[in-house]
There are 2 protein chains.
Amino acid sequence: MNIRTLCLGFLSMQEASGYEIKKELESGKFSHFADASFGSIYPALTQMQAEGLLTVRSEEQSGRPDKKVYAITEMGLVALAKNLSVIPARDKFKSEFLFEMLFQKFLSKEHMDLVIEKQHADLTEDLARIEEKRRSNEHNNLGEGPRFVMGYGECIFRAAIGFLEAQCPRLKKSKNQAAE
Amino acid sequence: MNIRTLCLGFLSMQEASGYEIKKELESGKFSHFADASFGSIYPALTQMQAEGLLTVRSEEQSGRPDKKVYAITEMGLVALAKNLSVIPARDKFKSEFLFEMLFQKFLSKEHMDLVIEKQHADLTEDLARIEEKRRSNEHNNLGEGPRFVMGYGECIFRAAIGFLEAQCPRLKKSKNQAAE
DNA sequence: TGATGCATGTAATCCGTTACATGATTCA
DNA sequence: TGAATCATGTAACGGATTACATGCATCA
């Protein structure tokens, strides 16, 4: 799945500028399984607008550069549906963390502790983000899609955190301290 | 973590040819969190050999092209240790599956069923591979590293499979049928 | 006889990131 | 005053994949 499809998908849920898409990709519903940089988002939006998949509207802002708000068109929706109709490629999971753990015999105790703690912190942050989203949206009922994706993420992050804490009991202690 | 480090890591455990590295990356201990293609492995090996990080030995084979077996040198081990001493980048998880699920309202029921079944099959395959490795190595005690990495993988694959089966009870049924 | 596996390698190409350029505002 | 946030965009670069080229053996 390329950046074009990613942007189309995003814009099928809400209008947004390139800047907003990038920010939401970092912290929103997509954050744990997709991302992109400005250098790829901006050209993609310009291009798709030229192709008629999107419309633009310039929003003036006091003391800020104009914001270009993009919205998806009928043609854009058709393109999105088409891109979604292929069998997805196998998940790609790249983990430098696991790579280092595999070769932990070359690592110092201090480095390993640091690395494991970082991994635990990252996972906890990811999980917290999902749970926050869930809480903030529990009044307006989410669609099936977002609910499924959040559930999936929640479930694997919980499992990974559980594994780390089972392997390194000290992680659990610091968690309890934080809760007090 | 780049392909050079990946190859160094692999060769720190066993001598191998480029072809063998690729095959083992597809199905071995690394398979769920790293991969690479011939087009990147071969040049990396040639280059690192020229730099003195590896040695080569040509193995003649009847009716087959010669096999170039690479082994890591002292310098290679030092380079590996250095590459491992950095704080790992955050895990990158790219899932076209979750992307499609997020936009399932644009999908037909048939397509969704297909996609979910594929995901279930992929995860089951990954889990089976880890469990097979574990069984085949239970006599000779594995190092800490491989045990940790396998445990981590097992744990997240189990969690993901569990989630899918909880969401789609029909998956569980077909699994039981296969076990009979 | 045609696909698949073993075995290596190069070149073209793609896709995306990083860095750079610009510029106003707000907060410390 | 310097950093961070908002906001858009381009160009250089990197890193890896895909396709191509070669060739023998085996299996269906």
Side-chain angles (χ1 to χ4, degrees), chain A residues 1-8 10-11 15-28 30 33-50 54-70 83 89-96 99, chain B residues 1-11 15-28 30 33-50 54-70 83 89-94 96 99:
Chain A
M1 171 219 37
N2 51 26
I3 277 170
R4 286 167 63 97
T5 311
L6 193 59
C7 291
L8 285 175
F10 190 96
L11 294 170
E15 295 189 346
S17 66
Y19 190 86
E20 286 162 352
I21 291 177
K22 159 83 171 163
K23 290 292 132 182
E24 258 296 297
L25 249 41
E26 272 168 15
S27 61
F30 298 80
F33 66 92
D35 72 302
S37 62
F38 289 128
S40 52
I41 292 172
Y42 285 127
L45 292 175
T46 311
Q47 197 194 343
M48 291 198 290
Q49 187 255 314
L54 305 176
T55 56
V56 217
R57 159 170 58 84
S58 245
E59 227 171 63
E60 286 159 65
Q61 298 186 120
S62 56
R64 289 272 160 71
D66 283 9
K67 189 198 281 191
K68 284 182 160 184
V69 180
Y70 291 88
N83 293 351
R90 209 184 178 103
D91 288 350
K92 278 192 177 71
F93 177 60
K94 300 230 169 177
S95 178
E96 295 192 7
F99 187 77
Chain B
M1 172 216 35
N2 51 25
I3 276 172
R4 286 168 63 95
T5 312
L6 194 58
C7 291
L8 285 175
F10 190 97
L11 294 170
E15 295 188 347
S17 67
Y19 191 85
E20 286 163 351
I21 291 177
K22 159 84 171 162
K23 289 293 131 183
E24 259 295 299
L25 248 42
E26 273 168 13
S27 62
F30 297 79
F33 66 93
D35 72 304
S37 62
F38 289 128
S40 52
I41 292 173
Y42 285 127
L45 292 175
T46 310
Q47 198 194 345
M48 291 197 289
Q49 186 255 314
L54 305 177
T55 56
V56 216
R57 159 170 59 85
S58 244
E59 228 172 60
E60 286 160 64
Q61 298 186 121
S62 55
R64 290 274 160 72
D66 283 10
K67 190 198 280 192
K68 284 184 161 182
V69 179
Y70 291 89
N83 293 352
R90 207 185 179 104
D91 287 351
K92 278 192 177 68
F93 177 61
K94 299 230 169 176
E96 294 192 6
F99 187 77

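Values in this document were obtained by computation on a predicted structure and should not be read as measured data. Per chain, numbering begins at 1; letters A, B, ... match sequence-line order.
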If you take any heavy atom closer than 4.0 Å to DNA chain C, which residues from residues 2-11 of chain B end up in contact?
none
Set of residues satisfying ring pair (Phe, Tyr, Trp, His ring centres under 6.0 Å) with respect to A/Phe93, sequence neighbours excluded
none
When you check every protein heavy atom under 4.0 Å of nucleotides 4-12 of chain D, what one-letter string (B, S, -) results, 5' to 3'?
-SBBBBB--
Rounded to whole Å, please give me the gap between NZ in B/Lys92 and P in C/dC15.
19 Å
Does the distance from a Lys or Arg side-chain N to an Asp or Glu carboxylate O, for B/Lys23 and B/Glu26, drop under 4.0 Å?
yes
Could you state the atom-to-atom distance from CG of B/Leu45 to P of D/dA16 in whole Å?
13 Å
Heavy-atom closest contact (A/Val69 atom, A/Glu15 atom, distance):
CG1-OE1, 3.6 Å
For the student: nearest non-hydrogen atoms of A/Asp35 and A/Leu6, plus distance:
O-CD2, 4.2 Å
On a heavy-atom basis, the closest approach of B/Phe38 and B/Tyr19 is CZ-CD1, 3.7 Å
Can any side-chain N or O of B/Glu96 pair as donor or acceptor with the backbone N or O of A/Ala89 at less than 3.5 Å?
yes
Without decimals, in angstroms, what is the distance between B/Leu25 CG and D/dT17 C1'?
15 Å
Distance, rounded to the nearest Å, where B/Lys22 contributes NZ and C/dC6 contributes P
13 Å
Please report the end-to-end axis angle for the helix from C/dT1-D/dA28 to C/dA28-D/dT1, five pairs per end, rounded to 10 degrees.
40°
Whether over 12 other heavy atoms sit under 6.0 Å from A/Lys92 NZ:
no
Would you name the heavy atoms of A/Ser58 and A/Lys68 that are closest together and state the gap between them?
OG-CG, 4.2 Å
Using side chain to side chain donor-acceptor pair (under 3.5 Å) as the criterion, list what pairs up with B/Lys94, not counting sequence neighbours.
none
For A/Phe10, give me all partners under ring pair (Phe, Tyr, Trp, His ring centres under 6.0 Å), at least two apart in sequence or on another chain.
A/Phe30
Closest non-hydrogen contact found for B/Leu45 with B/Gly18 is CD1-CA, 3.5 Å
Output yes when at least one side-chain N/O atom of B/Ser40 is less than 4.0 Å from OP1 or OP2 of D/dA16, else no.
no
